[in-house]
Amino acid sequence: TSRTAPPTAAAPTSTASTCRDTCTSPNPMMSLTYKGSLTLKGSAQDGVFCTKCGSVLRNPVQITECGHRYCNQCAISLIDKHTGVGYCKKDGTKFTSSSLFSDKQASKELCKLPVYCAHKADGCEWDGVLADLQAHLDSDACAVRRKHSSSSGRSYHNHHQQQQQQQ
């Protein structure tokens, strides 16, 4: 069984490490920088999915009070801008932004997650681990990237962003 995470428009910040850096660094940053949708190869443990959006975690954080995992952006979106308080979607635990911490263990688990290319449905046959996905998407090894780059003269990323905006 495979689960598909919806694409997001959020681009990594300039200070973000790559997933490969996250996996190999002795002091890992918590930024997984793949772009686009994600199709898992096989099944995964529930701990790699966001409690709010249900997708594979991006920049995983945990709520100190209850231990549930969220994408950083999902957790922040639960916090009321006026009161500074949020409530866990799973158990209703009250939390603030200071209750969130980067989940290093989740990041390490995510890097080892077996995935297919984000363009599997379009014919790319690559599969590997999440740590290598963005490098594949940026390389000429991605059959879909080569096709879009050579046929239209546009960069892969511009094409991909336009596809996301249309959805």
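Worth knowing before you read on, the calculation uses all heavy atoms, side chains too, and leaves out hydrogens, waters and symmetry mates. Small disclaimer: the values here were computed from a predicted structure and weren't measured.
- Minimum interatomic distance between Asp91 and Thr93 (heavy atoms only, all atoms of both residues): OD1-OG1, 2.7 Å.
- If you chain together hydrophobic residues whose side chains sit under 4.5 Å apart, Leu57 and Ile63 never meet in one group.
- Between Cys88 and His68, the shortest heavy-atom contact is SG-ND1, 3.3 Å.
- Nearest heavy-atom pair across Gly47 and Arg69 is O-NH1, 2.8 Å.
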- Message: Checking Cys142 against His119 for the side chain to side chain contact (heavy atoms under 4.5 Å, CB included) test, could you report, in this order, the C-alpha distance in whole Å, the side-chain angles of both residues, the deciding distance, and whether it holds?
- Response: CA-CA 8 Å; Cys142 180; His119 301 291; 4.1 Å; yes

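- Side-chain contact between Thr64 and Phe95 is absent, with no heavy atoms from C-beta onward closer than 4.5 Å.
- For the pair Leu137 and Cys117, the minimum side-chain heavy-atom distance is below 4.5 Å.
- Contact annotation: the side chain of Ser77 approaches that of Lys52 to within less than 4.5 Å [non-hydrogen atoms, C-beta and beyond].
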- Run the side chain to side chain contact (heavy atoms under 4.5 Å, CB included) check on Asp132 and Trp126 step by step: do they pass? CA-CA 11 Å; Asp132 297 330; Trp126 180 89; 4.0 Å; yes

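- Applying the under-4.5 Å side-chain rule to Ile, Leu, Val, Met, Phe, Trp and Tyr, the cluster around Val85 extends to Tyr87.
- For Leu133 against Ala118, the heavy-atom pair with the smallest separation is CD1-N, 4.2 Å.
- Looking at Asp103 and Tyr70, their side chains never come closer than 4.5 Å, going by heavy atoms from C-beta outward.
- Val129 and Lys112 make their closest contact through CG1-O, 3.6 Å (heavy atoms, listed as atom of the first residue, atom of the second, distance).
- Minimum interatomic distance between Leu110 and Pro60 (heavy atoms only, all atoms of both residues): CD1-CG, 3.9 Å.
- In this structure the side chain of Cys124 reaches within 4.5 angstrom of the side chain of His136, judged on heavy atoms.
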